[in-house]
Amino acid sequence: MKENKDEELVTMVIRIPRYKKKMIKNIAKSQGRYEADIIRSGIDKELNLDLYQDKMEELIKEILKPIEEKLNKFLSSQRKINAKFLRTAVISTYLNSEVMKNLLGDEIL
């Protein structure tokens, strides 16, 4: 079978600080993998992040749409509850004022 040219492994030379080389070596040793595999994985992760960054913003917008709709319904219901409570409080204050005026002759200012 002939391997796809784009999938063919090529050599690349990079320079990194000595402490990072030690970190890669320790990670590879602890996971039972080769250092090159750790480096390839890191490169793959970075490339995937770059590729999907634009799509992430669109995805977040799509996720937020139903949340915002439900939140708007909730806020609307809360406003209605607050308006009803305020109406009730105003009527109660008015009735208390009338009772005080009629029974005791006092007026609430």
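Through side-chain heavy atoms spaced under 4.5 Å, either directly or across other Ile, Leu, Val, Met, Phe, Trp or Tyr residues, Ile27 is tied to Ile14, Ile16, Ile24, Ile38, Ile39, Ile43, Leu47. Residue Leu86 shares its hydrophobic cluster (ILVMFWY side chains chained together at separations under 4.5 Å) with Val90.
Between the side chain of Thr93 and the backbone N or O of Ala89, at least one donor-acceptor pair lies under 3.5 Å.
For the atom pair CG of Leu75 and OG of Ser77, the computed distance is 7.5 Å after rounding to the nearest 0.5 Å. Between the OG atom in Ser92 and the CZ atom in Arg87 there is a gap of 15.0 Å [rounded to 0.5 Å]. Between the CG atom in Asn72 and the CD1 atom in Ile67 there is a gap of 12.0 Å [rounded to 0.5 Å]. The distance from the CD atom of Glu58 to the OH atom of Tyr52 is 13.0 Å, given to the nearest 0.5 Å. Here the CG atom belonging to Leu51 is positioned 10.5 Å from the CD atom belonging to Glu46, to the nearest 0.5 angstrom. Atoms CZ and NZ, from Arg15 and Lys20 in turn, are 15.0 Å apart once rounded to the nearest 0.5 Å.
Side-chain contact between Lys45 and Leu49: absent, with no pair of heavy atoms (C-beta onward) separated by less than 4.5 Å. The closest side-chain heavy-atom distance from Ile81 to Gln78 is below 4.5 Å. Put simply, the side chain of Lys70 does not reach to within 4.5 Å of the side chain of Phe74, judged on heavy atoms.
Of the charged side-chain nitrogens involved, none lies within less than 4.0 Å of a carboxylate oxygen, so that Lys29 and Glu35 do not count as a salt-bridged pair. Taking 4.0 Å as the cut-off between side-chain N and carboxylate O, Glu98 and Lys101 count as a salt-bridged pair. For Lys65 and Glu62, the salt-bridge test passes: some basic side-chain N is under 4.0 Å from an acidic carboxylate O.
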